[in-house]
Amino acid sequence: MPYTRIAVERDGPVGHVRFDVPDEYNRLPPAFWQEFPQALTELDATGDVRVLVISSTGKHFTAGMDIGVFTSRDTQPQDPGRAGEAKRRDLLRLQRVFSLVEALRMPVIAAIQGGAVGAGVDLASACDMRYCTADAFFCIQEINIGLAADVGTLQRLPKLIPDGLMRELAYTGRRLYAEEALQCGLVNRVFDDQAAMLAGVKEIAAQIAAKSPLAIHSSKHLMNYARDHSVRDALEYQAAWMGAVTQGPEMAAHFRAKAEGKEAEYGDLAPIPEGERPLGSAGSGGA
């Protein structure tokens, strides 16, 4: 599909999705919620994209969700019960878009400049790693307009930063600037400017892309599972996963290359057929 809100690029095994409407501060109107999951699904389905970078253009990473997302329905049920049911399905649809970031087989790196406001925090929280520029800030903007954040921030961000700080940000809506974001562990590193950040992030992405994509996918999947389960349950699940998704050939490739004085080369993951892409239509409007 043609993209109007984002640009999608490939540099070998590194994919890059860039928010590309800087004159609108990369706000996220209804079109974004269709285009973004479509791009992610297509990149993941190839099997040969091993890591994904999400970045932006202009002054801000994103100004957050556009009000049009809430008013885009042609008709609204009139009685409270049916209206509430419709709103619930709309919200679940939006939540699935950022949940897709976690479900991708590849790691996702957020490269943030300027403001990550509202839904920008939801998205950043769903990524594997976050890097930012010295002028960056994060803001749970929803509370400032009379709402509770509802697309993932309240569920994911508490797993990334201290509880007290999380609650302060969620209740006050104040800005968390780059230095504090680094101190609390929300971002891995702060760069002087966007050019330096993108160069640094691409270097990290290249390091990841050189590893076994099967081992990387397993690591991401198992860490996400462990985050949401007890240690005992996660260990038992890991034993089952490693028994089913054997990585013996990957280790053999490593030791063979080492014996030959070379860097190991690993095969790509299998492509995902169109009919097996579970979240491929997450932004299409379906429940």
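Values reported hereafter were calculated over all heavy atoms of this structure, with side chains retained and with hydrogens, waters and symmetry mates removed. Note that the structure is a prediction, hence the values are computed from the model and not measured.
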**Item:** Test item: R10 side-chain N/O and G12 main-chain N/O as donor-acceptor pair under 3.5 Å
**Value:** yes
**Message:** Please determine whether side chain to side chain contact (heavy atoms under 4.5 Å, CB included) holds for the pair K220 and N224, giving the CA-CA distance in whole Å, both sets of side-chain angles, and the decisive distance to 0.1 Å.
**Reply:** CA-CA 6 Å; K220 174 175 179 173; N224 285 346; 3.9 Å; yes
**Prompt:** Does the cation-pi check pass for R175 over F137, that is, NZ or CZ under 6.0 Å from the six-membered ring centre and within 45° of its axis?
**Reply:** yes
**Interatomic distance, S125 atom OG to L186 atom CG [nearest 0.5 angstrom]** = 6.5 Å
**Passing option when D122 is tested against I140, V151, V101 for side-chain contact (heavy atoms from CB on, under 4.5 Å)** = V151
**Item:** Remaining members of the apolar cluster that contains M251, side-chain heavy atoms under 4.5 Å
**Value:** F255
**Geometric class of the H221/H217 ring pair [parallel <30°, tilted 30-60°, perpendicular >60°]** = tilted
**Request:** Write out all pairs satisfying side-chain hydrogen bond (donor to acceptor under 3.5 Å, both in side chains) with one or both partners inside residues 254-270, taking only residues at least two apart or from two chains.
**Result:** R50-D268
**Prompt:** Any chance CD of E9 has more than 12 other-residue heavy atoms, nucleotides or ligands included, within less than 6.0 Å?
**Reply:** yes
**Fill in**
CG (L169) and CG (L157) are apart, to the nearest 0.5 Å, by 7.0 Å
**Request:** Take atom CD of E179 as the centre, draw a 6.0 Å sphere, and report whether it contains more than 12 heavy atoms from other residues, nucleotides or ligands.
**Result:** no
**Asked** Okay, side chain of D48, backbone of P13: is any donor-acceptor separation there less than 3.5 Å?
**Response** no
**Request:** Could you go through the side chain to side chain contact (heavy atoms under 4.5 Å, CB included) check for I54 and F36 one step at a time?
**Result:** CA-CA 11 Å; I54 298 177; F36 185 64; 3.7 Å; yes
**Complete:** Apart from V53 itself, members of its ILVMFWY cluster (side-chain separation under 4.5 Å) are V14, V51, I109, M129, Y131, F191, M197, V201, I204, I208, I216
**Request:** Step through the shown structure and confirm whether more than 12 heavy atoms of other residues, nucleotides or ligands are within 6.0 Å of CZ on R174.
**Result:** yes
**Asked** Can the ring centres of F19 and H60 be said to be less than 6.0 Å apart?
**Response** no
**Message:** Closer than 3.5 angstrom, by distance alone: can the side chain of W33 be matched with the main-chain N or O of L28 as a donor-acceptor pair?
**Reply:** yes
